[in-house]
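Written below as structure tokens is the structure these notes are about.
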Amino acid sequence: MRQPYIAGNWKMYKTVSEATALAGALVAAVGRETGRKVMIAPPFTALHAVREVLKGSKIVLGAQNACAELEGAHTGEISLRMLRDAGVTVVILGHSERRHVYGETDALVNRKVKLALAEGFEIILCVGETLDERQKGVTEKVVEGQTRGGLEGVAERDMGRVTIAYEPVWAIGTGKNATPQDADAVHSFIRTVISQMDGAEAAQALTIQYGGSVKPDNVRDLMKMENIDGALVGGASLKPETFLPIVQFDR
Ligand code: PEP
């Protein structure tokens, strides 16, 4: 049985005081939650402060990205060592905004994935097709390429620290979401790809989140699907009144 895993990606929102207030509200409501895993990924500037708020709770601290190098002349980048120092244990990699706005390739995402795993982090690898790709009927080709490309060279023993988030780009922040059946079909396909790469056991154990306009009113139908194990939530993770009902969804 895979444990439901709900993650909040706060993107470039929240000052330090706003972030600590939101984290505090989440700790008060779901900080003792045991039936499901909850992660929040505030902006880098708020990580240290949010870590203090999360202390003693079960909510996990995540980061939205990391540099593919551990240190050096990389102006504007944040290293995995800095993230560990800030209390981060999970890193989101290959988010569509990183791929499509900042030009991250599968090769770069793969370097980040391997370094993060070597440094002992858990990762969430995001994959997903654009609207154009879906309309051209190449969703599986794109998702397979990003999955294989992102995980190339990752040892089977490290797959326990890998989560995949299927996030169709056309559904992110748009209010449009894939139907539960469409999303489940892609999740099932991802499981098949992982089974070919790492075997059936790793594929069955893999947590696959859905992301793309997840809201309190659609989370339940998504989470009912056999291959949907959780959600990576953007916009709705920014307020307790929309994130808490998602975390506390009832199957
Ligand atoms: C995301 O940022 O990963 C995301 C899925 O955003 P939203 O929930 O706003 O679509």
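Remember, it's 1-based here, ligands and their atoms both numbered in the order they're listed.
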Reported CG-to-NE2 distance for the pair D182 and H187, which is rounded to 0.5 angstrom
11.0 Å
Please determine, by modelled atom types, if Y166 and Q146 share a side-chain donor-acceptor pair under 3.5 angstrom.
no
Considering only heavy atoms, which protein residues lie less than 4.0 Å from any atom of ligand 1?
N9, K11, H95, E167, A171, I172, G173, G211, G212, S213, L232, V233, G234, G235
Taking atom CD of E52 as the centre, does the number of heavy atoms from other residues, nucleotides or ligands within less than 6.0 Å exceed 12?
yes
Is R111 salt-bridged to D106, cutoff N-O under 4.0 Å?
no
Apart from V138 itself, what residues make up its hydrophobic cluster, given side-chain heavy atom links below 4.5 Å?
V142
Would you call E129 and R134 a salt bridge, taking side-chain N to carboxylate O under 4.0 Å as the test?
yes
